[in-house]
Each structure stands twice: as structure tokens, then as C-alpha cells.
Amino acid sequence: MESGTVLIVGSGGREHAIALGLLEGETFTDLHCAPGNAGTSLIASNHEVNFTDAEGIVELAKEIGASLVVVGPEMPLVMGLADLLRNESIPCFGPQKDGAMLEGSKLHAKKVMESIGVPTGRFEIVDDLSNIEKHLDSFEPPWVIKRDILAGGKGVTVTSSRIEARDALTRAVESDGFVLIEENLSGEEASVLVFIDESGYVMLPASQDHKRVGEGDKGPNTGGMGAYAPAPVATPSVLSRTREEIVEPMHHYLRNLESPYRGCLYVGLMIDNEGSPNVIEFNVRLGDPEAQVTIPLFESDLGTVLLSVAKGRISEMEVDFSEMHASTVVLASEGYPGDVLSGREVIGWESRIEEGQVIGFTHLAGAKISNEGKLVSTGGRVLSATGIATSLRDALDASYQIIEGIQLEGSHYRKDIGFRALSA
Ligand code: AMP
Ligand code: GLY
């Protein structure tokens, strides 16, 4: 008999979305988070265990009698949290170390793709400063330079300036010993989250994240400034090619790992003008903020689905999604994505919309509830305003109605989330 107790690891808007999704279902009635955030504190028990403290998480899971641990961020997975949990026979949604290397090392991911023929940009390894010009000559600008480190999207430089490219290559080789230079892929990006285990997989509705801080997808990369789903750029034909050319071979590869992959494979796609999908990156977890717009589209009980994956039985489940549209707009602290100013009160975050088929509410992220019961910013991405409706336009209207009513000194948000879909 399952205990009905679940532990969610992480502290972002994604983890709030997972907790809300589980709350809607019947599989888990006792929700715990480590460490969680202000949002999860309202619906679950938060525990002061850092998500990088793998032993602490395992102890906590045992103490509360968790029958499932859902791991939000990549870091604990790369560090081997899932390995420790499975040693204790605790089901875990999230791959073990060998699978998590797909995100832990971009070079590893490239080699896997190359060996099984998954479409991705050509790359070279740069490890000798005297060959930099030769490497730059062998790619057309803009140059894409990727450090082989976990950097939350910030280890990548895309530039048409040869001086900047040379500089990025030099700095990376000096600090890491080597760096990847990669063919620039053009087109439109989309994220396809795939719940996958050795028995099968389920592709979630495709979403699109806006990674750049500024409107028109300009400016520095961030963790994500907003997202929506489904993303129309992922047409039925793109999705069927993604399944055949990427997901099927990856499933074959992952199910044959020493420890079969059980969790989410995040496929970051670049879709070119002809509708050909190419992989930009793999992540080994749900995206943030992609989770905030895909989890609300589950019609099936999320808890049962996550538990099935953690037990290697996803093929036994029929997983259904609604026909609704979802959007989320991130409210970021002053300074984000650079050094942020936090510790400021957030006002107006509780407002909700429930009008006919339109729902609007906030997913909380870098924020805590103070002793006086006020919401106070603690990080870069403070919250996101999520809308769900029968059309993307209505979902976005709900997101913006909510976010326009929120006050946080110095904060900023993008006013053009979803623009590619709306102008399509
Ligand atoms: P990554 O950390 O690999 O996701 O890269 C961060 C962002 O850099 C991606 O979301 C893209 O916007 C951009 N990027 C990465 N690789 C490429 C590429 N080969 N071609 C064009 N843009 C890229
Ligand atoms: N939103 C991008 C990511 O989660 O990696």
C-alpha cells in the first residue's frame, strides 16, 4: 500500500507547479518539500534541507515515509541523489548519475547524439589556445561557445564578434581546460518534455520558453522569463519527426543504461524553416518555467504518472492532456539576470482569476513568507503569473492581468511572452 506521502526536491516555481499538480490528484495527500519556497509552504510541509544535501534528503524521505521523491533541479541528480534513493528502495522521479550526465556534461551529450545519430549541430573540442583561429575559421558566425559545466544556461556564448568569441574560448580553455565550439542553429526554439522510463515514454505538450531577458528575445540569457504551451511551432509533423529522430533513439539508449533512466528528458529543440528538429541541449528534469505551463495541462492524475515513471511502468498508463492553453510570465528582481536586489516586499501576489474557463494565479519561486506574513523576494525570479484558458490569447491576458496588479520595487517582466505564437 502506498503511503500517499511525496517529497519534492527544489525551491523554484517549477516545484510549486509540481506541488499544485499533485494536490489536484488523489495519489498523494501528504506533500513535503526540501527546501521548497513560499508557494509550497502554503500547501505542503517545507523542510530546511538543501537540495544539494543528498544524504539529508534521503534521511528526510525515510523519516516521513515518502513513497515517491520528485527531483526538480539537475544538480542533485548529477550528484547522484537518485542512486542513493534507489539503494534505499525509495522510488525517485529523476535519473541516476549516468543518465544525468546528459545535462552534467554537454560534451557527453554531444557524443551520445553523435553515436546514435540524433540530429544536432556539428561541434569541435577546443583545448589548445594556439588553434583558436583555426576553430573559428571552421564555423560560420555567429559562433556558439559552450563550457562543459553546469551553468544554468549561462555557460553559453553566442556572438558574431570574432573578438568576443576568441575571448570566450580563451577564458574557458584557461579555466576548464577545454570548451566546445558548435555550429549555430537557426530557427525557432521549443521545449519537449518527455516522461521516460525503460518501459516507454510520454511526450508532454510542447512549450516555448523565452530565455532572453529582453523583449523580442534580446539581451543576456536567463533561466527563463516566461513560457507558454502548446507551442504551435511544434506542428504535428515536427512532433512526429521529433519522436522518430530524437525520442525513439534516446529511449533506446536510455533504457539500456546500467541504471535505466526514470524521469523527465527535456529536449531543447531548434526547429529550422523546413520544420527539421535539431537538438540544442538535453536536460534531465522538467524546465522552469516550462513546468508551470505543462503541468496544468495534465488531465491524468499527475501523482500516478510520476510514480509510474519512478517504478519503470509508464507504458501501463494512458496519459491524457487537456486542450487548454497555458502561459506564465516571470516577475524578476531588480538586476536579474545579474546581481539581484532582494529582500523586498511583494504586494498583490495572492490575486486569482476564475472566470468561466479562464484561471489566473501565481506560481511562487524566489520568495519567502516573513514572520509578519508578508511575501518577501529572495531571488532573481520571484514568481510567475500563470494563465490557463481555451486560447493562448486569453491565457496571456490572465497572466498579464495578474502581473500588472503586483508591486515589487525595481522588478521587471517581459511584455511580449508568446509573441511568436500570436503572430504565427
Ligand atoms: P544551452 O545551455 O545549451 O541551452 O544554451 C542556452 C541557449 O543558447 C539556448 O537556449 C539557445 O538560445 C542558445 N544556443 C545554444 N546552442 C545553440 C546553437 N547551436 N545554435 C544557436 N543557439 C544556440
Ligand atoms: N527554462 C529552461 C530550463 O529549465 O532549462
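Read the numbers this way: they start at 1 and go in the same order the structure lists the ligands and their atoms. The analysis underlying the following values was restricted to heavy atoms, covering all of them including side chains, and did not include hydrogens, waters or symmetry mates.
Nearest approach of Glu174 to Leu129, heavy atoms of both residues: OE2-CD1, 4.0 Å.
By the salt bridge (charged side-chain N to carboxylate O under 4.0 Å, His left out) test, Asp83 pairs with no residue at all, sequence neighbours left out. Shown here are the salt bridge (charged side-chain N to carboxylate O under 4.0 Å, His left out) partners of Glu124, two or more places apart in sequence or in another chain: Arg122.
Listed by number with element, the atoms of ligand 1 under 4.0 Å from a non-hydrogen atom of Lys211 are 10 (O). Ligand-side atoms of ligand 1 in range of Glu281: 1 (P), 2 (O), 3 (O), 4 (O), range being under 4.0 angstrom from any heavy atom. Listed by number with element, the atoms of ligand 1 under 4.0 Å from a non-hydrogen atom of Asn221 are 6 (C), 7 (C), 8 (O).
Between Thr27 and Thr304, the side chains place a donor N or O and an acceptor N or O closer than 3.5 Å (distance only, hydrogens not considered).
Checking only distances, Val158 never comes within under 3.5 Å of ligand 1, N or O to N or O.
Evaluation of the side-chain hydrogen bond (donor to acceptor under 3.5 Å, both in side chains) test over residues 6-18, restricted to residues two or more places apart or in two chains, returns none.
The pair Arg243-Glu248 does not count as a salt bridge, with every side-chain nitrogen at least 4.0 angstrom from each carboxylate oxygen.
In this structure, ligand 2 sits under 4.0 Å from heavy atoms belonging to Asp209, Lys211, Gly223, Tyr266, Asn283, Arg285, Gly287, Asp288, Pro289, Glu290.
Judged by the shortest distance from any of its heavy atoms, Arg212 lies outside the 4.0 Å radius around the atoms of ligand 1.
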